[in-house]
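Residue numbers begin at 1 in each chain, while the letters A, B, ... track the order of the sequences. These figures come from a predicted structure and were not determined experimentally. Note: hydrogens, waters and symmetry copies are ignored here, and every other heavy atom, side chains too, is used.
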2 protein chains.
Amino acid sequence: MANLDQAFAAYAHPIRRGIIERLAEREMTVAEATSDFGVSKPAISRHLRVLEEAGAIVRVIDGRQHRLRLREDALDDPYHWLDDLRAMWEHKFATVEQYLAEQRR
Amino acid sequence: MANLDQAFAAYAHPIRRGIIERLAEREMTVAEATSDFGVSKPAISRHLRVLEEAGAIVRVIDGRQHRLRLREDALDDPYHWLDDLRAMWEHKFATVEQYLAEQRR
DNA sequence: GGTACAGTTAACCAAATGGCTAATCTCGAC
DNA sequence: GTCGAGATTAGCCATTTGGTTAACTGTACC
């Protein structure tokens, strides 16, 4: 994975998350993985580039089709960042009750 | 958590992740949580607003200081999205392994 | 009162993002 | 060789993002 900025940014767009969700099922061509998103092909093409540069997917060019699949470690870096934080804070979060109580003070 | 777009976008900036990492230790004022990031106070102020609107932090105004705290469920939505995909992906992987094992018999 | 401090808002600017249409490239089928 | 299909690149545009400085709000302190 390139870096956390790119990784999180890659997953911040619904079309890109949709592509990832489909590719989690199986490898697909561009047309399969991106139909029904309601945007033009060039728009799709750039979403794919963002995902590729973020290290989320790999592309195998097969004739005139491009076969896409998730990278094995696609989700690791953002997942671990979130997971480490979750492990760290435990008791340190704000509860709604605390918040409301302090607002009333 | 507001939505996945906002959540992932919130974590896509190093300063915002840095703020979250500090707040995972303990509650802090704005100045404590954001010193040494090398940007101006207005820039910080807007990063905080992004985090707040994404549902990542809460703010309690205490005199002239704003005390910041992580929200209880701050990381849940992006974490679960990634986790569900990982589960799916690893299941596929296991299936492939099983398939190969069966082929070798 | 008056001043300093913690923080935000306003106004502005440059760069990045996300969309489009039109043009292009590369195969596969005929 | 020609045509069409799968996909990208080029060029354009509007909006958003991330930064700045200057001005402002509200609070603490003398």
State, to 0.1 Å, how close A:Arg59 and A:Glu52 come at their nearest heavy-atom pair, and which atoms those are. NH2-OE1, 2.9 Å

Would you kindly give the CD1-to-P distance between A:Ile61 and C:dT26, to the nearest whole Å? 11 Å

Should A:Leu85 and A:Met88 count as side-chain neighbours, where that means a heavy-atom distance under 4.5 Å? yes

C:dT17 P sits how many Å from B:Gln6 CD, rounded? 18 Å

Below 4.5 Å, heavy atoms only, C-beta onward: do A:Met28 and A:Ser35 meet side chain to side chain? no

Where does the angle between the aromatic ring planes of A:Trp81 and A:Phe8 fall among parallel (under 30°), tilted (30 to 60°) and perpendicular (over 60°)? perpendicular

How many Å lie between CG on B:Asp5 and C1' on C:dG18, as a whole number? 13 Å

Note, A:Thr34 side chain near A:Val39 side chain (heavy atom, < 4.5 Å): no

Can you check each nucleotide of nucleotides 6-11 of chain C against protein heavy atoms at under 4.0 Å and return B for base, S for sugar-phosphate only, - for none, in 5' to 3' order? SBBBB-

Is the shortest side-chain heavy-atom distance between A:Leu75 and B:Asp83 below 4.5 Å? no

First of A:Val39 and A:Ala9 reached from the 5' end of DNA chain C, by closest nucleotide: A:Ala9

DNA chain D: first to last nucleotide in contact with chain B (atom under 4.0 angstrom from a heavy atom), 5' to 3', is D:dG18 to D:dA28

Donor-acceptor pair between A:Asp62 and A:Gln65 side chains, under 3.5 angstrom: no

Determine whether B:Asn3 and B:Asp77 make a side-chain contact, defined as any pair of heavy atoms from C-beta on separated by less than 4.5 Å. no

